[in-house]
Amino acid sequence: MSSCLLGAPCLGMRVGVYTEAPSILLFRGRRFFVRGIRISASSSPSPPPPPSDDSIRVRFAPSPTGNLHVGGARTALFNYLFARSKGGKFVLRIEDTDLERSTKESEEALLRDLAWLGLDWDEGPGIGGNYGPYRQSERNALYKEYADKLLQTGHAYRCFCSNEELEKMKEIAKLKQLPPVYSGKWATASDIEVQEELAKGTPYTYRFRVPSAGNLKIDDLIRGEVSWNLNTLGDFVVMRSNGQPVYNFCVTVDDATMAISHVIRAEEHLPNTLRQALIYKALGFPMPKFAHVSLILAPDKSKLSKRHGATSVGQFKEMGYLPEAMVNYLALLGWGDGTENEFYTLGQLVDKFTIERVNKSGAVFDSTKLRWMNGQHLRSLPSENLTKLIGERWRIIGVLTESEGSFIEEAVELLKDGIDLIPDADNVLKTLLSYPLHSTLASPEGRPVLEDKLGEVAASLIAAYDNGELIGALEEGSAGWQKWVKNFGKSQKRKGKSLFMPLRVLLTGKLHGPDMGAGLLLVYKAGRGEVVAPHSEFVSLDERFNILRQVDWESVKEDNPTLESAAPVSVSN
């Protein structure tokens, strides 16, 4: 990546800074004047060299001030995929310099969420590495060392301005319709003036000396060429008066001393790049390549926030989403491999990922699609894994007394198409075990079925149950059920929809659902064992026929007058 200041040669070492007179070209090892101050630029300590010239080292650097947002998770994922696809290193660094808001609990939650997503880091908290410490709060001595180097080389100076003075500068700039930049009051102060303030104990900050003119450009791997005019910046603070470094200074020192080769981060950090690039050059650090990823947007195209619903990885985890689905979906927010495929495992993403295919436009977060994708991943799990997940869920919520066995296996196989999230399993099983006959008969959609001589079918069905024909068929399993249905249809002179719809209503109490025969076999099996918990509102086959015997079909018809337009009825056998 090329990175230089326009108006001057783009130096191979990328430490050149161009300014207009009276300032001149700044370069290490040479004596020069900057804004009237004569200084000598000495070499700064170099960061630890990477193992080889072409080493790929990327980092994810969250602040432990809250939950891991899906935007942050996607940034971490893109860094991870880039590193793994290139055989490089994925570094995790905790930016905890905001002492008031940073908490150990948030850091632990961040680590858990990243681990849950499967984004294992090569260096960082809990692992260590050759470029640590990996928490900014443990690197203060390093920041002070490099801040002092900036001071010694004339790239920074002490600023003794009070808060009141700074506010007044902003007001004056606003009145003049100028950018609210620092006026440079202490940029040209003499040694005597500085020493007087030091003797008085006046608090001071370290300000970076920004060239008074020119511009800077970078070649962003996602956005292409990006440039900034330096005259809009003003000298900025790198160390506060309390000795704490500011964000842009910390990040630059950290990335340089950790030998980070590529900085892949959210586009909201793009404005920070100007300050960071100037610091890189002033300290003689090699410039990393930058790639700024677009924001994740809500459906209304605004920035995704809490007002749009769940936004953190932890929330989606609690809602029953699989890490495989979250990773798959986040990868597709702004990236694609150029095909129509939308289903990827983490390993497949590593094989396919290239930074060149990351889109620079914002990506809309679609919770409906995420849910669909979770269902795809859920149903792609090995059957034993899916059965274990759902069976354990049914036992925990108290619907079943056990979490494994033939009933659970058959129920999962039958109901899995109606499950996109693990918690969906609660309702699909409860629905299967329930028998809402009366509410179905009272519904507009149930009216056509009721009027199709449903009472006569019910009488024949009760007879078949009482004489043992139906029970005998269920004892034989699916084949017995299919044979019985065929014979029952012949006896009723019904077939297709006119046969299966009344049977479904009478046997399940519902108009729709999974395969009727398989569902009825499960209901029969549940009634014969103790797998269903007593308080689960399960209605056994015996109880269903007792309910049927008590129905007064003529009264039901009278209580449900014919509607002008009945909803169409569809059914699967």
Discussion item. To the closest 0.5 Å, what do you measure between CD (Q348) and OG1 (T345)?
Written reply: 3.5 Å

Worksheet item: Are there more than 12 heavy atoms of other residues, nucleotides or ligands under 6.0 Å from atom NZ of K510?
Response: yes

Practice prompt. Determine whether more than 12 heavy atoms belonging to other residues, nucleotides or ligands lie under 6.0 Å from atom CD of E404.
Written response: no

Worksheet item: Taking only residues two or more places apart in sequence, or in another chain, which ones meet R59 in a salt bridge (charged side-chain N to carboxylate O under 4.0 Å, His left out)?
Response: D255

Worksheet item: Do Q276 and N248 have side-chain atoms, one donor and one acceptor, less than 3.5 Å apart?
Response: yes

Worksheet item: Quick check: are there more than 12 heavy atoms from other residues, nucleotides or ligands sitting under 6.0 Å from CD of E384?
Response: yes

Worksheet item: Please walk me through it: do F365 and F316 pass ring-ring contact (aromatic ring centres under 6.0 Å, His included)?
Response: CA-CA 13 Å; F365 191 92; F316 286 106; 5.7 Å; yes

Worksheet item: Just by distance, with hydrogens left out, do N272 and Y247 show a side-chain donor and acceptor under 3.5 Å apart?
Response: no

Practice prompt. Measure up the F82 and H262 rings against each other and bin them: parallel (under 30°), tilted (30 to 60°), perpendicular (over 60°).
Written response: tilted

Worksheet item: Listed by chain and number, what are the salt bridge (charged side-chain N to carboxylate O under 4.0 Å, His left out) partners of R135, not counting sequence neighbours?
Response: E107, E138

Worksheet item: How far apart are the closest heavy atoms of I408 and S403, and which atoms are they?
Response: CG2-O, 3.9 Å

Worksheet item: OG1 of T431 to CG of L415: how many Å apart, nearest 0.5 Å?
Response: 9.0 Å

Worksheet item: Between S294 and K360, is there a donor-acceptor pair closer than 3.5 Å when you use the side chain of the first and the backbone of the second?
Response: yes

Practice prompt. First locate atom CE of M516, then atom CE of M501, and finally report the distance between them rounded to the nearest 0.5 Å.
Written response: 9.5 Å

Worksheet item: Measuring from I218:CD1 to T273:OG1, what's the distance to the nearest 0.5 Å?
Response: 5.0 Å

Worksheet entry | Working for side chain to side chain donor-acceptor pair (under 3.5 Å), residues S540 and D542 | CA-CA 5 Å; S540 69; D542 282 342; 5.3 Å; no

Worksheet item: Quick check: does any side chain N or O of R371 sit under 3.5 Å from a backbone N or O of D420, one acting as donor and the other as acceptor?
Response: no

Fill in: Full working for side chain to side chain contact (heavy atoms under 4.5 Å, CB included) between D452 and V457
CA-CA 9 Å; D452 188 20; V457 179; over 6 Å; no

Worksheet item: Would you say E537 has more than 12 foreign heavy atoms packed within less than 6.0 Å of its CD?
Response: no

Response to the item:
Per side chain to side chain contact (heavy atoms under 4.5 Å, CB included), D220 is matched among E225, H292, K289 by H292

Worksheet item: Looking only at heavy atoms, which two atoms of G418 and D424 are closest? And how far apart?
Response: O-CB, 4.1 Å

Practice prompt. Quick one: closest heavy-atom pair of A325 and H377, and the distance?
Written response: CA-CD2, 3.7 Å

Worksheet item: Does the N67 side chain pair with the main chain of A109, one donor and one acceptor, at a distance under 3.5 Å?
Response: no

Item to complete: Decide side chain to side chain contact (heavy atoms under 4.5 Å, CB included) for W484 and E476; before the verdict, give the C-alpha distance in whole Å, the side-chain angles of both, and the deciding distance to 0.1 Å.
Response: CA-CA 10 Å; W484 179 85; E476 294 177 17; over 6 Å; no

Fill in: Main-chain N/O of T75 paired to N79 side chain as donor or acceptor, under 3.5 Å
yes

Discussion item. Salt bridge or not between D426 and R393? Use side-chain N to carboxylate O under 4.0 Å.
Written reply: yes

Fill in: Geometric class of the F353/F78 ring pair [parallel <30°, tilted 30-60°, perpendicular >60°]
tilted

Discussion item. How close do R74 and L333 get, counting heavy atoms only, and between which atoms?
Written reply: NH1-O, 2.7 Å

Discussion item. Can you give me the closest heavy-atom contact between A518 and D515, atom names plus distance?
Written reply: N-OD2, 2.8 Å

Worksheet item: In chain order, what residues pass the ring-ring contact (aromatic ring centres under 6.0 Å, His included) check against W116, with sequence neighbours excluded?
Response: none

